[in-house]
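Each chain gets a letter, A, B and so on, in the order its sequence line appears, and its residues count up from 1. Note: hydrogens, waters and symmetry copies are ignored here, and every other heavy atom, side chains too, is used.
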Number of protein chains: 2
Amino acid sequence: MAATQQYVYPGQDEIRIEAVLAALADPVRLDMVRQLAGPGTEISCSGFDVAVTKSTLTHHLRTLREAGVIIGRQQGTTRYNSLRRNDLDELFPGLLQGVLAARR
Amino acid sequence: MAATQQYVYPGQDEIRIEAVLAALADPVRLDMVRQLAGPGTEISCSGFDVAVTKSTLTHHLRTLREAGVIIGRQQGTTRYNSLRRNDLDELFPGLLQGVLAARR
DNA sequence: GTCGTTGTTCGATGGTTGTCGTAGTTCGAT
DNA sequence: ATCGAACTACGACAACCATCGAACAACGAC
């Protein structure tokens, strides 16, 4: 598929806590979420600082997207990813804060 | 081994967020944590309401124990398990609250 | 002692998952 | 129109994991 493919993101009511926890449990994905944690932060696929290949990175982005953790904004050939902080905070108040408070 | 085996529990400084998230991501274990969530609640191995065999339950209890989520108190042949809520709240403030806030 | 209860350990098995390389697709720029 | 950049899809592979059955160990009660 193309870089401009349109994705279906889960609605807020479709986000399940098990999927969110599983998505955050992987070290690579947790690191990606930490990089996204700053207010208003958007990171493109190639902008993440991770030690995996691009195909593996795509896999992790899909896991995060399908779990409802991130959302993407398309601009040209680049997809900018950001945290769905509002949705997650409403569903699981404190979860993201607690996860991000962990020492690295 | 015996039912009265002594276990080594991870110290608070040894609890890693990845292990906690992975432990909570499993539906069976998440359900066990929910059953433990009441203040002062202690549940023995045979006291959990789960749809798995005893050997599988032992496996889940070990995962939760090694991740630092639960701690056990031996009394006769029974081991009473409880949440390490204080330790977890200090390390990851809000995490447990957010997880337990999820609709079932 | 002999049971029953409680809980653990040990394979075995089937499913999931993290990883990669390769190939392919869309877009923008030259 | 050709090239490169940004991603994605597919197939493969190894590692992990949830599950079970069967056997085992410790304790309490009879």
Any strand counts, and the cut-off is 3.5 Å on both contacts for Watson-Crick or G-U wobble. Which nucleotide pairs with D:dA18?
C:dT13
Please list all pairs meeting salt bridge (Lys or Arg N to Asp or Glu O under 4.0 Å) that have one or both residues in residues 87-101 of chain B, counting only residues at least two apart or in different chains.
B:Arg84-B:Asp87
Protein-nucleotide distance (A:Leu57, atom CG; D:dA6, atom C1'), rounded to Å
11 Å
Residue pairs meeting side-chain hydrogen bond (donor to acceptor under 3.5 Å, both in side chains), one or both in residues 93-104 of chain A, sequence neighbours left out, come to A:Asp31-A:Arg104
Residues which pass side-chain contact (heavy atoms from CB on, under 4.5 Å) with B:Ala37, listed by chain and number, not counting sequence neighbours
B:Arg85, B:Leu100
Give a yes/no answer on whether the side chain of B:Arg62 brings an N or O atom under 4.0 Å of OP1 or OP2 in C:dT9.
yes
Per-nt protein contacts along nucleotides 10-20 of chain C (heavy atom under 4.0 Å; B base, S backbone sugar-phosphate only, - none) come out as --------BBB
Restricting to side-chain contact (heavy atoms from CB on, under 4.5 Å), what partner residues turn up for B:Asn81, sequence neighbours left out?
B:Phe48, B:Leu61, B:Ile70, B:Arg79
Minimum-distance nucleotide (side-chain atoms of B:Lys54 versus D:dA6, C:dG7, D:dT8)
C:dG7
Expressed as a whole number of angstroms, how long is the span from A:Gln74:CD to D:dA5:C1'?
13 Å
Taking atom C1' of C:dT6 as reference, at what distance in whole Å does atom CZ of B:Phe48 sit?
14 Å
With A:Thr56 via side-chain contact (heavy atoms from CB on, under 4.5 Å) - residues at least two apart:
A:Val52, A:Thr53, A:His60
Would you call A:Leu95 and A:Leu88 a side-chain contact if the rule is heavy atoms closer than 4.5 Å?
no
Please list all pairs passing the salt bridge (Lys or Arg N to Asp or Glu O under 4.0 Å) test where one or both residues lie in residues 35-63 of chain B, with sequence neighbours left out.
B:Glu42-B:Arg73
Do any side-chain atoms of residues 13-27 of chain A form donor-acceptor pairs under 3.5 angstrom with protein atoms, and if so which ones, sequence neighbours left out?
{"residue": "A:Glu14", "atom": "OE1", "partner": "A:Gly11", "partner atom": "N", "Å": "2.7"}
{"residue": "A:Asp26", "atom": "OD2", "partner": "A:Val28", "partner atom": "N", "Å": "2.9"}
{"residue": "A:Asp26", "atom": "OD2", "partner": "A:Arg29", "partner atom": "N", "Å": "3.3"}

For nucleotides 28-30 of chain C, tabulate all protein N/O to nucleotide N/O atom pairs closer than 3.5 Å, reporting atom names and distance.
none

